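One structure is given here, and the rest of the page talks about it.
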Amino acid sequence: MAAIRDKAVVVTGAGGGIGAALARRFAAEGARVVVNDLDEAKARRTAGEIGAIAVPGDASGIVAPAREALGGAIDVFCANAGVGTGGGPDAPEDDWALAWDVNVMAHVRAARELVPEWLARGGGRFVSTVSAAGLLTMVAAAPYSVTKHGAYAFAEWLSLTYRHRGIDVHAICPQGVRTDMLAATGAAGDLVLTPTAVEPEAVADALFAAMDEGRFLVLPHPEVADYYTARASDPDRWLGGMNHIQRELEERSAG
Ligand SMILES: NC(=O)c1ccc[n+]([C@@H]2O[C@H](COP(=O)([O-])OP(=O)(O)OC[C@H]3O[C@@H](n4cnc5c(N)ncnc54)[C@H](O)[C@@H]3O)[C@@H](O)[C@H]2O)c1
């Protein structure tokens, strides 16, 4: 078992949903937890429920204030905050920029501050809440799919670069999870994600199993591994299948 008791843990976007479930689980395992969220009231509510410390604000600027709140070094950083930006190339420039900022650059900025300290101490753990959309691609959501591919690539890069120097990295890639974000995905979410959606606690369970086993890829929906293999081995067949879903979505919205 990865020893969690007394570890200093930060979870971004933990005011609700998956982040709150991760924070709750770390707190239950005896960690000292910082709950971050852009929404101050949500951060304080979750923190109050689990005996954690609330550090509200943008996930991008959270390492220094979280360190201060914890009174020292961060052992585990969960880059979980995300935005579910939909649309295609027609989505406004600001929507693309926000998706890039929260879904990718917040991870890069956190790692920039954490990695030197972790290398000096000989260890640290970076947990990235990506999405199955980072391995596959989500219909009707180009900014989300593109930036989650970026988040996955960044987690891979961190892992392959630092794994021999004591830094553990995990990429969590769920399909639907019953949270506010899923509820806001509309028709595409209803068609693709809701039928197999799991509870946020199942995501925390999957992460803890992966930490125990020292495994990078965390798949709360194990079938995602098969889809990922299918995409890599026969891209045109896979794209045809996804296009079938796209057409079904178009038929539903027309009728
Ligand atoms: N729900 C799903 O089906 C699903 C599936 C795969 C991956 N994910 C990913 O899981 C993560 C958590 O999403 P969720 O489903 O729990 O959604 P959620 O909407 O319940 O929670 C996301 C939280 O992040 C906060 N947030 C947004 N921008 C922020 C910022 N810049 N700084 C700090 N906090 C910010 C929000 O206020 C919100 O409380 C996201 O990265 C999301 O992309 C969700």
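Both counts, for ligands and for their atoms, begin at 1 and track the order of listing. Since the model is a prediction, treat every value here as computed from it, not as a measurement.
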Strictly distance-based, threshold 3.5 Å: is any side-chain N or O of H149 a donor or acceptor partner for the main-chain N or O of L136?
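Between the backbone of L136 and the side chain of H149 there is a qualifying donor-acceptor contact (under 3.5 Å).
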
With distance as the sole test, does D101 use its side chain to make a donor-acceptor pair with the main-chain N or O of A106 at under 3.5 Å?
no

Check whether any heavy atom of P174 sits under 4.0 Å from an atom of ligand 1.
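The answer is yes: ligand 1 sits under 4.0 Å from a heavy atom of P174.
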
Numbered atoms of ligand 1 (with element) below 4.0 Å of [X], judged on heavy atoms:
X: G176; answer: 3 (O)
X: Y144; answer: 6 (C), 7 (C), 8 (N), 9 (C), 42 (C), 43 (O)
X: G57; answer: 32 (N), 33 (C)
X: S131; answer: 6 (C), 7 (C)
X: K42; answer: 38 (C), 39 (O)
X: T129; answer: 9 (C), 10 (O), 11 (C), 41 (O)
X: G17; answer: 16 (O), 20 (O)
X: N36; answer: 33 (C)

Passes salt bridge (Lys or Arg N to Asp or Glu O under 4.0 Å), E29 versus K7? Steps please.
CA-CA 10 Å; E29 300 280 343; K7 294 285 188 217; over 6 Å; no

As a check for students: among [options], identify the option with a heavy atom nearest to [atom].
atom: atom 27 (C) of ligand 1; options: A43, G19, G82, G16; answer: G82
atom: atom 40 (C) of ligand 1; options: L22, T12, N80; answer: N80
atom: atom 37 (O) of ligand 1; options: D37, D39, L38; answer: D37

Hey, does F126 have a side-chain heavy atom less than 4.5 Å from the side chain of V115?
no

Electrostatic pair R109:E113 at N-O distance under 4.0 angstrom
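Looking at E113 together with R109, the answer is no, because their closest N to O distance does not fall below 4.0 Å.
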
List the residues meeting ring pair (Phe, Tyr, Trp, His ring centres under 6.0 Å) with Y228, not counting sequence neighbours, and say none if there are none.
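Expected list: none.
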
Structural part of V102 in contact with ligand 1, heavy atom criterion under 4.0 angstrom:
side chain

Taking non-hydrogen atoms only, is T179 closer than 4.0 angstrom to ligand 1 via side chain, backbone, both or neither?
side chain

Can you establish whether the number of heavy atoms outside W100 located under 6.0 Å from its atom CH2 is more than 12?
no

Atom 13 (O) of ligand 1 sits nearest the protein heavy atom M181 CE, 3.8 Å

Considering all heavy atoms of both residues, which atom of A142 and which atom of G88 are nearest to each other, and what is their separation?
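Heavy-atom minimum between the residues: CB-CA, 3.9 Å.
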
Please, which pairs that meet salt bridge (Lys or Arg N to Asp or Glu O under 4.0 Å) have at least one residue in residues 217-242, sequence neighbours excluded?
none

